[in-house]
Amino acid sequence: MDNDVLRQAPLFSGLDDEAAESLGSQMSATRLRRGEVLFHEGDEGDRLYIVTDGKIKLGRSSADGRENLLAILGPGQMFGELSLFDPGPRSATATAVTDSELNSLGHDELTKWLNDHPNVSRALLNQLASRLRRTNDVVADLVFSDVPGRVAKALIDLSQRFGRKADDGIHVHHDLTQEELAQLVGASRETVNKALADFAMRGWLRLEPRSVVIIEPDRLAKRAR
Ligand code: CMP
């Protein structure tokens, strides 16, 4: 188990070495191949997951089969706790965007840890609060921002988590298809492609398959506002 990655996870961040080791020993590892579904929206769930490697998408589908992506999670991020705190079925489908590795903890074990370690509870609440803050931003953007603004914002968010600085810009290997990017910003593929092509034409970024090189991050960030 990669302790450095687990340390980034809220569950572990407030724990001393011994406690982190002990919690880690109760977790089990899962590997997913790219495209593999871990669980479906509506399934019963009894585990919390932490991404240790790769990327996981959380999505929901409408009755007529359209998909919306709630989030793309990377190393250190957790999911699968809602069905514990608000008992009910899984609220989204979790699918591996790339080959991925996860560590998971049963809800019963998690509950014990939360009872015994107030700092773990606090860290979890902190994560849930920041997710609610982000979700409020997403809802506001759906109402107030245009599609290019939402695309710019999604790229900035992806670059902050998955980007690597290089001489020619920030390389963001998001691993998403254009369809998935469109599902993430809640717009059609055509409109999202048009926005990306426009940014590329202005010299703000360079498009590559499943990745983008951001050349003018400040301009993109301004467009995201
Ligand atoms: P659960 O409902 O058990 O399974 C799906 C998980 O997706 C859910 O727990 C949360 O951990 C996660 N999830 C649901 N909605 C969001 C969201 N808006 N942003 C990030 N993660 C989410």
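We count ligands from 1, going down the list as the structure has it; atoms in each ligand are counted the same way. In this chain, residues are counted from 1 in sequence order. Small disclaimer: the values here were computed from a predicted structure and weren't measured. What's counted below: heavy atoms across the whole structure, side chains too, no hydrogens, waters or symmetry copies.
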May I ask you to list the atoms of ligand 1 that are less than 4.0 angstrom from any heavy atom of Ser91?
1 (P), 2 (O), 4 (O), 5 (C), 8 (C), 14 (C)
For the atom pair CZ (Phe199) and CG (Leu155), what is the distance rounded to the nearest 0.5 Å?
7.0 Å
Tell me, which protein residue and heavy-atom name are nearest atom 6 (C) of ligand 1, and how many Å apart are they?
Gly80 N, 3.8 Å
Give the residue and atom name of whichever protein heavy atom lies nearest to atom 15 (N) of ligand 1, and the separation in Å to one decimal.
Leu70 CD1, 3.5 Å
Can a salt bridge be assigned to the pair Arg31 and Asp99 using a cut-off of 4.0 Å between side-chain N and carboxylate O?
no
What I want to check is whether the side chains of Ser28 and Arg47 have a donor and an acceptor closer together than 3.5 Å.
yes
Just to verify, which of Glu36, Glu67, Glu180 counts as forming a salt bridge (Lys or Arg N to Asp or Glu O under 4.0 Å) with Lys57?
Glu180
Atom 4 (O) of ligand 1: nearest protein contact (heavy atom, Å):
Arg90 CD, 3.3 Å
Just to confirm my output: which protein heavy-atom neighbour is closest to atom 10 (C) of ligand 1, and how far is it?
Arg131 NH1, 3.4 Å
Would you mind running through ligand 1 and noting each atom that sits below 4.0 Å from a heavy atom of Ala92?
5 (C)
At a 4.0 Å threshold, what atoms of ligand 1 neighbour a non-hydrogen atom of Leu58?
7 (O), 12 (C), 13 (N), 21 (N), 22 (C)
If you measure from the Lys or Arg side-chain nitrogens to the Asp or Glu carboxylate oxygens, is any gap between Arg161 and Asp157 under 4.0 Å?
yes
For ligand 1, which atoms sit closer than 4.0 Å to a heavy atom of Phe79?
11 (O)
Lys/Arg N to Asp/Glu carboxylate O, Arg131 vs Glu81, below 4.0 Å
yes
For Ser83 and Arg90, test the side chains for any donor-to-acceptor distance below 3.5 angstrom and give the result as yes or no.
yes
State whether the side chain of Ser159 and the backbone N or O of Gly163 hold a donor-acceptor pair below 3.5 Å, judged by distance alone.
no
Proximity of Glu81 to ligand 1 by residue part, where a heavy atom lies under 4.0 Å:
both
Under 4.0 Å from any heavy atom of Thr135, which atoms of ligand 1 are there?
18 (N)
Taking only heavy atoms of Phe39 into account, list the atoms of ligand 1 that are under 4.0 Å away from them.
4 (O), 5 (C)
